[in-house]
Amino acid sequence: MTQSYLKLRQDLQRRDRSLREKVVTLEEATTFVRDGDSVGIGGSTMSRTPMAMIWALIRARRKKLSCSRCITSSDGDLLVGSGICDHMTTSWFNQGILWGVSKVMRHNVETGKIRYDEWSHMAVGMRFRAGAMGVPFMPIRSMLGSDVARIRPEAKEFTCPFTGDTLLLVPALNPDVALIHVQRCDAYGNAQIDGLQFMDIDLAMAANKVILTTERIVSNDQIRRAPDQTKIPFFAVDAVVEVPFGSAPHECYGIYEPMSRHMEAYVAQVNGDPVGGMKDYLDRYVYGPKSWTEFLDLIGVDELLEAVNAGRSIYND
Amino acid sequence: MTQSYLKLRQDLQRRDRSLREKVVTLEEATTFVRDGDSVGIGGSTMSRTPMAMIWALIRARRKKLSCSRCITSSDGDLLVGSGICDHMTTSWFNQGILWGVSKVMRHNVETGKIRYDEWSHMAVGMRFRAGAMGVPFMPIRSMLGSDVARIRPEAKEFTCPFTGDTLLLVPALNPDVALIHVQRCDAYGNAQIDGLQFMDIDLAMAANKVILTTERIVSNDQIRRAPDQTKIPFFAVDAVVEVPFGSAPHECYGIYEPMSRHMEAYVAQVNGDPVGGMKDYLDRYVYGPKSWTEFLDLIGVDELLEAVNAGRSIYND
Amino acid sequence: MIKAQHHTASELLAILAARELKDGQVVFAGVGIPLLAATLAQRLHAPGLTILFEGGVIGAFIEPGKLPPSTNDQRCTKRANMVLGSAEVLLLLQRGYVDVGFMGGAQIDQYGNLNSSFIGGPEHPSVRLPGTGGGNDIASLAQMIVAMRHEKRRFVERVDFVTSPGFLRGGNSRAESGLPTGGMMRVVTDLALFGFDDTSRRMKVMALHPGVTREQVQDNTGFALIFDDDTGVTAPPTDQELKVLRELDPEQLYTA
Amino acid sequence: MIKAQHHTASELLAILAARELKDGQVVFAGVGIPLLAATLAQRLHAPGLTILFEGGVIGAFIEPGKLPPSTNDQRCTKRANMVLGSAEVLLLLQRGYVDVGFMGGAQIDQYGNLNSSFIGGPEHPSVRLPGTGGGNDIASLAQMIVAMRHEKRRFVERVDFVTSPGFLRGGNSRAESGLPTGGMMRVVTDLALFGFDDTSRRMKVMALHPGVTREQVQDNTGFALIFDDDTGVTAPPTDQELKVLRELDPEQLYTA
C-alpha cells in the first residue's frame, strides 16, 4: 500500500509544474480521474466537501474508485450508493451526527458491497502527511492496544530506538488524485482557504494529481498581494474549476452553511430505503439536472439564500 | 538527547494553560530562562530574530545556555561572544552572506570555547516538528551518506519496514524555552505572524516554555475576528513582552528591513577583533544603554526610518 | 429519582457532566452532549475553560441557539482564539496540551473501553456503526470523561470491539500497550457517576443520582460494579443550570 | 579567453549558469550567484521559471536593485505566489516537486561532493566554515547545478568534509547510501562547463569557455579531469545578458 519512492518521484517529475492556466469545466475535470483510481477527498464531514466534483464523477459513471477522507458524510453515501466507489478509507462514515446511522453505509458495508477501512482521525491525517512529506510513514501514539489497530495490519507497531517507547507507524497515503474545494484560487491553482483547513494541505501535497473546485477564480495579482495566504501552491494543482456553491448541500466556510432542509429530506429518503431511495435521489438530483446550476435550482433559491445568510454570519461581531 | 515522553507530558501538565494575561517587561521575561537551559530561537538568519530578548539575556548574564536555531546570524555571535551560550545547534552559523565567515564564530569554535553541532536545515526543522508532535523522531531522506550525518551519531539510520528504503531518524528537539518575536499578539499570547514563518510554529509547540516578544499587543477581540490568522495559540505561551523594533538590527517582515549601516559597522568591529571588538560592542550597545529604547537611540532614528520605509515596501504593488 | 417532568435524561447528563469540568482546563470535546456540557460549564462556573474541537478549533464560544451540527462546522469557530488544521488539533493531544477528553459512547465495558464501530465484531457485524472519528485518538492520549445513557445493552462486560481504549484488559495493560498517559477518569450516566479502581481499573460507582438505588444501577449494568464505601449522592440540577442549558439548546437538538 | 574588461568572473558565472535553466522548471536557488542567475534566466529566456527560496518562498520575482541579503529576507517574497514555512519548502524537495537545485560552493571534489563546513576536517579544523544550511538537503534530494570560482584549492580530489553530497565515492555509492534520486548535473565555473560521467560519476569537461585551454582547466584542478570527446566551446555573454544582469545587481552585490 505504501508506494515506492522512485515511482512517486517519477510520477511527480512527469507532471507539468509550470505556471500555466489550467481552468476547465466540471465535465472536463472528470477526465482527470480514471476508473480504479484512489481518490482523496478534501474538507471534513459537511464542510467544504467537493460535492460538485463528486456529482460530476457520478454522472461520468466512473468505476471502482477507492476513496479516502478524514471524516465522511453524505458524500460517502453518494459515492458508494451510486456504485462508483467500492472502497472507503476514513475514520468515520455517516451522514452526520443528528440522524442516527446511515442506512446507505450500513447496507453497502454489511452486505459486503464495499470495503470500509477504519483508521483513527489522526492516523488518516498522518498518512496524508507522510505522503505530503515524501516519507513512507509517520509515527503516532494512538490506535495502540485497540481493535482499530488489530484489524489494520498495514500499520506496524515499532519500538523507538531513541526511547524504547512503543509507537505505531502508519503508512503514507498518496492518492492518485485529490478533489479539493476552496473559497478562491487563481487560474494557475494558487489556492486560499478561509477558516477550517482540515487536512487539505497535506492531501494536496500527497496526491499525484489535484483537481481544485473553487467558489471564485481571482487574478494572480490578487494572490501575489498576500502570498502568505496561499495554502496550496499552483504546481501541486492540475485542474481548476469555478463552481459557485460547489459544496452544496454542505457548507463552505464564510460563504454558506449546510442546506439543512435538503439534507433532511435526503436523509429521510435514503434511510427509508437505502437502495430505492438512493436511486430516486440520484435520478432526480444527480442524473436529472442538465448542469450543476440546475441542481442548485432544485435545492431552491430560498434555501441557498438562507445558507448564505448563515454562512456570512461567522464574520459578524 | 530525546526526552522521555512521560517527562514531557508532566512538564506540560504543570504549565498554567488557562486563558490569562501574561504581559511582563523585558527584564521580567529573562527570569523565565535559567542557567543551563536549552533555548530555541525563532526567526531565521536576519529575519524576525528575537534580538531584544537575547539582548536582555546577555544583560541578565545567563550562563551555559544551549541554543538552537535553524539558521544563525549575528544573534549567534552575540550569544557566544558574550559568554552566555556555550553550545549552538544549527545548520549554518555566520553573520550573513555578504561579509565572509564570522570571526566570532570561528574564534569560539576553533578554540573549543563553544560546541557547534551542525545538522541540515531540514533536519533542524524535523527535530522541532517531532518535538511539536509529541513523537521521539522524524524520518528524513537527507543527510544520508554525508559527513554531516557521520559526525551526528544522535541521528540513526533505519531501514523502512514498509519499503526497505534507508532513512535517517532525527531525534525530537524540545527546548526548555523558546524565544519568538512576532508582529502582533494579544495579552494571552495568541500570536499572528505575517509573511515568512520559518520554523516558529513547530518551535513554539515543541518548547516547554515560550517567551513571545511582539511589535504590538492587540486586543483579544481583534484576534477572535480572524482566528484562522492565529499561528501560535495562547496556551503554548508563558510570557508576552511588547517591544517595538524587537528584532533590530535585523528585520521584521512588513515592518522594517535590516539596519544595514549598524550591521556593517558591527561586522567590521567584531571581525577586526573577535574578542576585543566584541567586548567593545557589548559595552556600548548591550550593557551601556539603560533600556532597549536607548539601544534604538544608538542605532539612530534615521536608520530606523529607512528600515521602516523599506520594510513597508513589501506591501507596495 | 429525579422527576422526569423537570428535565430530560439528556439534560441531566449534560448538567452533571458539565460539573466535572474545572475552570482553566483545556478540554477536547466531541459533538452532542460533550459540546453542550463544555459550553454550559463555560457559562456557569468555568469561564476560562478552553474548548477544543476536532475540526480544528481552539477556544471557541458557541452561541446560544446556534449549536453546530458537528465539530467540523464553521459554527464551532465562532469567536475562537485559533482555527487550525485537523491533524494539528489532534496532535495537541499527543503533545500533552489537553487536560480532559470528553465524549459520548455507544457501548462501554467494565474497563471503560468504548465501541463505536461494530455490533457483533468486525468479521460479521450485525450493525456497522460509523467508526472512531477522533475518539480513538482522544481516548488514547487524554484523561477521559464519558457521558452516556445508562442501558444494560450499552454497559457490557466486554465490548464487541475496542474502538476507543479505556484500560483495555485492566491493571497495567493500557500502559503496556504503548499508552502510558490518559485513561478513563469519569463516566456520567443518567443513573450515577462512575470512576475506575486504581489497581484493577474496573468501573466503580462514586455517587448515585438522587433517588437511584445501588440495585437499580447494577440491574442496568451488564457486569459486576464496584461500589465505593462512601458512595455519595449527586446534587440534582439547579434551576440556573437548567435555565442556561435551555438557552443554549432551545430546540433540544441534543437534549430531547 | 573572454576579455576581463567586459565583465567580471562572477558575471560570467551568473550568465552561463542562467543558461542552464529551462522555462517551466522549478528551481531551488541559494543566495548569491544562484539567486541572481535564476532571476536572470526568468527575465531572459525562462519567464515561467519558478524559483523557490529556503526561507519559505514559491515563485518570487526579485526586483532589480533590491537583491535580498539572504534567502530568508522579506525581499525574497516580493510578488511571490506563496510564502510558507522553511520546513515546508524543504519538504517540497523531498516530495519531488523541484527540478533543479542551484547553489554555490566553497570546495568541490571529483565526485561533485561539496564542503562548506570544515577546512582540515571536523576534529581539528583549520577553518570552521558556516556549515550546510539547506545545502545538504538540496544536494541530497534534487538534480544539482553548482556555480563556483575555479581555483585549485577549491577543486580537490577529496573534500575535507562532505557537507552536501554529490556522487559520494562514485559509481552507485550515492544510491546505496539512501539517496536514490538527484545528484550533480552541472558545474559552472569561470573556466568551463562540467558534467559527470554516467558510470564512474567523475567530473568531466563538457565545454570550455572561449579562449580557455584544456591544460589551463586541468592546471587549476586538483584531480584528473575527464574531457568529453566532443568538448565544445561556450558562447560568450551577450550584450543583452550583461545589460539585464547589471540592471538586477547595479551595486555589484554578488557580481563584484
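Here is the naming used below: chain letters follow the sequence lines, and residue numbers restart at 1 for every chain.
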(request) Report the distance from atom SG of A:Cys85 to atom NE2 of A:His87, rounding to the nearest 0.5 Å. (result) 8.0 Å
(request) With a 4.5 Å heavy-atom cut-off (strictly below), which parts of residues 107-121 of chain C touch chain A? List them by number. (result) C:Ser117, C:Phe118
(request) Tell me yes or no: between the side chains of A:Ser66 and A:Arg115, is some donor less than 3.5 Å from an acceptor? (result) no
(message) Using heavy-atom distances under 4.5 Å, tell me whether A:Asp200 contacts chain C through its side chain, its backbone, both, or neither.
(response) neither
(request) Go through the atoms of C:Pro122 and report whether side chain, backbone, both or neither lie under 4.5 Å from a heavy atom of chain A. (result) side chain
(message) Under 4.5 Å from any heavy atom of chain A, what part of C:Leu168 do you find: side chain, backbone, both or neither?
(response) side chain
(message) Counting heavy-atom pairs closer than 4.5 Å to chain A, which one of C:Arg128, C:Arg79, C:Lys78 comes out on top?
(response) C:Arg128
(request) Output the option from A:Thr166, A:Thr90, A:Asp147 having the highest count of non-hydrogen pairs under 4.5 Å with chain C. (result) A:Asp147
(request) Would you check, one step at a time, whether the test salt bridge (charged side-chain N to carboxylate O under 4.0 Å, His left out) holds for C:Glu247 with C:Arg43? (result) CA-CA 11 Å; C:Glu247 283 168 9; C:Arg43 289 180 187 256; over 6 Å; no
(message) Under a 4.5 Å cutoff for heavy-atom pairs, which residue among A:Met105, A:Gln197, A:Glu257, A:Met46 has the most contacts with chain C?
(response) A:Glu257
(message) Let me confirm one number: the OH-CH2 distance from A:Tyr116 to A:Trp92, rounded to the nearest 0.5 Å.
(response) 9.0 Å
(message) Nearest 0.5 angstrom please: A:Met88 CE to A:Asp77 CG, how far?
(response) 9.0 Å
(message) If we define contacts as heavy-atom pairs under 4.5 Å, which of C:Pro125, C:Pro69, C:Gly135, C:Ala87 has the most with chain A?
(response) C:Pro69
(message) Need one label for A:Ser313: side chain, backbone, both or neither, based on atoms under 4.5 Å from any heavy atom in chain C.
(response) both
(message) Please classify the contact of A:Phe128 with chain C as side chain, backbone, both or neither, using a heavy-atom distance under 4.5 Å.
(response) neither
(request) Using the six-membered ring of A:Phe198, assess whether NZ or CZ of A:Arg48 lies under 6.0 Å from its centre and within 45 degrees of the ring axis. (result) no
(request) Answer with side chain, backbone, both or neither: which region of C:Ser126 has an atom nearer than 4.5 Å to a non-hydrogen atom of chain A? (result) backbone
(message) Heavy-atom cut-off 4.5 Å, strictly under: side chain, backbone, both or neither for C:Val83 against chain A?
(response) side chain
(request) Determine the interplanar angle of the C:Phe223 and C:Phe155 rings, folded into 0 to 90°, and report it as parallel if under 30°, tilted if 30 to 60°, perpendicular if over 60°. (result) parallel
(message) Which atoms of C:Leu91 are under 4.5 Å from chain A, going by heavy atoms: the side chain, the backbone, both sets, or neither?
(response) both
(request) Under 4.5 Å, counting heavy-atom pairs only, tell me which of C:Val159, C:Thr71, C:Leu141 racks up the most with chain A. (result) C:Leu141
(message) I'd like to know if the side chain of C:Asn72 pairs up with that of A:Ser44 as donor and acceptor (distance under 3.5 Å, no hydrogens or angles considered).
(response) yes
(request) Compute whether any side-chain donor of one residue and acceptor of the other, for C:Asn136 and A:Ser146, lie under 3.5 angstrom apart. (result) yes
(message) Any non-hydrogen side-chain atom of C:Tyr254 less than 4.5 Å from a side-chain atom of A:Leu98?
(response) yes
(message) For C:Asp197, is there an ion pair with C:Arg202 - N to carboxylate O distance below 4.0 angstrom?
(response) no
(request) Using non-hydrogen atoms and a 4.5 Å limit, figure out which bit of A:Met199 sits close to chain C: side chain, backbone, both or neither. (result) both
(request) Against chain A, label C:Glu63 side chain, backbone, both or neither, depending on which of its atoms sit under 4.5 Å from a heavy atom there. (result) neither
(message) Check this for me, if you would: do A:Arg184 and A:Asp194 make a salt bridge, where the nitrogen-to-carboxylate-oxygen distance has to be below 4.0 angstrom?
(response) yes
(request) Look at the side chain of A:Asn108 and the backbone N and O of A:Val104, then say whether any donor-acceptor pair between them is shorter than 3.5 Å. (result) yes
(message) Between A:Ile151, A:Ile201, A:Thr72, who has the most heavy-atom pairs with chain C when the cutoff is under 4.5 Å?
(response) A:Ile151
(message) I'd like to verify something: which residue of C:Gly56, C:Pro130, C:Ser177 has the highest number of heavy-atom pairs under 4.5 Å with chain A?
(response) C:Pro130
(message) Taking side chain as everything from C-beta outward and backbone as N, CA, C, O, which of these in A:Val109 sits under 4.5 Å from a heavy atom of chain C? Side chain, backbone, both or neither.
(response) side chain
(message) Within the 3.5 Å criterion, strictly below it, is a donor on C:Asp73 or C:Ser70 matched to an acceptor on the partner's side chain?
(response) yes
(message) If you count heavy-atom pairs within less than 4.5 Å of chain C, which of A:Ile97, A:Asn316, A:Ile71 leads?
(response) A:Ile97
(request) Kindly indicate whether the side chain of C:Leu92, heavy atoms from C-beta on, has any atom under 4.5 Å from the side chain of C:Ile58. (result) yes
(request) Using a cut-off of under 4.5 Å on heavy-atom pairs, state which of A:Gly145, A:Ala149, A:Gly125 scores highest against chain C. (result) A:Gly145
(message) Please report the interatomic distance CE(A:Met51) to CG(A:Leu78), rounded to the nearest 0.5 Å.
(response) 5.0 Å
(request) Please look at C:Val127 and chain A and tell me whether the side chain, the backbone, both or neither of the residue comes under 4.5 angstrom of a heavy atom of that chain. (result) both
(request) Please check if any side-chain donor atom of A:Ser74 sits under 3.5 Å from a side-chain acceptor atom of A:His250, or the reverse. (result) yes
(request) Could you look at A:Ile140 and say if it's the side chain, the backbone, both or neither that has a heavy atom under 4.5 Å from chain C? (result) both
